[in-house]
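Everything below concerns the one structure shown next.
Please read these numbers as outputs of a predicted model, since none were measured by experiment.
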Amino acid sequence: FYTPREIVNYMVDESLIAYLEGKLIDLYEKGTEFAQKTPPSQKKLVGKQKPVQSKIAPSKSKITAKVKKEINDKLRHLLSYSTEDHLFSKKEVRIIIDALDKSKILDPACGSGAFPMGILHKMVHILSKLDPQNKQWKQRQIENQTRQIKQDISYAEKIKDNKARQKALDELEERMATI
């Protein structure tokens, strides 16, 4: 059995919209903090002072349903195959690109691979609309690789054997130069 293309497309779109919507809502609620809620007073324990308990709960949403709907509508427009420009600000574009870069995809069926391939296809589509020249995406990838190599260099510098340390450092410097 296979999942019809229309169902896969629906799953892909709804998954990406839910994920990206959450990231954009976080942007608007940037100052989200956890509010402490103290439960009703409790009986004294063995004649000593009352224990202090706190429950950590997310504070109420700072954005309205109207703003959430606007975000959802803008995302649906972004995922569509229209040739119109996207409707996001530069900051929102940066958040979306960051979210796509950090996303992890789980194939719920582990079948033909239609879902992960559909997600990949749609992510490439989104990136082509948000960053047509791939400048932001390329810069992110260079920064990610450079950061990783610098971390590897710091580990390589701790190698006790001089010959092995120098060989590792030379290879890492070569990789850095390639980037």
Nearest-0.5 Å distance that lies between atom [atom1] in [X] and atom [atom2] in [Y]:
X      : Y      : atom1 : atom2 : answer
Ser89  : Leu24  : OG    : CG    : 8.5 Å
Ser128 : Ile126 : OG    : CD1   : 9.0 Å
Asp101 : Ile97  : CG    : CD1   : 9.5 Å
Leu78  : Glu84  : CG    : CD    : 12.0 Å
Ile153 : Thr146 : CD1   : OG1   : 9.5 Å
Asn134 : Leu127 : CG    : CG    : 7.0 Å

Discussion item. Under a 3.5 Å distance rule, please check whether Tyr19 uses its side chain to pair with a backbone N or O of Ala99 as donor and acceptor.
Written reply: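 Pair found, side chain donor or acceptor close to backbone of Ala99.
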Discussion item. Please check: side-chain N/O of His125 versus main-chain N/O of Ser80, any donor-acceptor pairing under 3.5 Å?
Written reply: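 Confirmed, His125 side chain pairs with Ser80 backbone.
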Worksheet item: Can you tell which of Asp26, Leu27, Leu100, Leu20 makes a side chain to side chain contact (heavy atoms under 4.5 Å, CB included) with Ile95?
Response: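 With Ile95 as partner, Asp26, Leu27, Leu100, Leu20 yield a single side chain to side chain contact (heavy atoms under 4.5 Å, CB included), made by Leu27.
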Worksheet item: Of Asp98, Leu130, Asp131, which meets side chain to side chain contact (heavy atoms under 4.5 Å, CB included) against Gln136?
Response: Asp131
Same cluster or not: [X] versus [Y], using hydrophobic residues (I, L, V, M, F, W, Y) connected whenever any side-chain heavy atoms lie under 4.5 Å apart?
X      : Y      : answer
Val8   : Val124 : no
Val67  : Phe88  : yes
Leu120 : Leu79  : no

Which heavy-atom pair separates [X] from [Y] by the least distance, and what is that distance?
X      : Y      : answer
Asp85  : His77  : O-CE1, 3.1 Å
Gln151 : Ser154 : O-OG, 2.7 Å
Pro116 : Gly113 : CD-O, 3.4 Å

Worksheet item: Who are the side-chain contact (heavy atoms from CB on, under 4.5 Å) partners of Pro4, not counting sequence neighbours?
Response: Glu6, Ile7
A side-chain contact here means heavy atoms from C-beta on lying under 4.5 Å apart; do [X] and [Y] qualify?
X      : Y      : value
Ile142 : Lys138 : yes
Lys122 : Tyr81  : yes
His86  : Glu92  : no
Thr3   : Phe115 : no

Discussion item. Under a 3.5 Å threshold, yes or no: a donor from one side chain and an acceptor from the other, between Gln139 and Glu143?
Written reply: yes
Item to complete: Verify whether one side chain among Arg140 and Asn144 offers a donor that lies under 3.5 Å from an acceptor in the other.
Response: no
Worksheet item: For Met123 and Ile119, what are the C-alpha separation, side-chain angles and deciding distance, and is it a side chain to side chain contact (heavy atoms under 4.5 Å, CB included)?
Response: CA-CA 6 Å; Met123 290 170 79; Ile119 287 266; 3.4 Å; yes
Worksheet item: For Arg94, which residues count as a salt bridge (Lys or Arg N to Asp or Glu O under 4.0 Å) partner, sequence neighbours excluded?
Response: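 Scan of Arg94 (salt bridge (Lys or Arg N to Asp or Glu O under 4.0 Å), adjacent residues dropped) gives none.
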Ignoring hydrogens and angles, write down the donor-acceptor pairs under 3.5 Å from the side chains of residues 167-179, residues two or more places apart or on other chains.
unit_1: Asp170; atom_1: OD1; unit_2: Gln166; atom_2: NE2; d: 2.8
unit_1: Thr178; atom_1: OG1; unit_2: Glu174; atom_2: O; d: 2.9

Discussion item. Taking NZ in Lys23 as the centre, count heavy atoms belonging to other residues, nucleotides or ligands within less than 6.0 Å. Is the count above 12?
Written reply: no
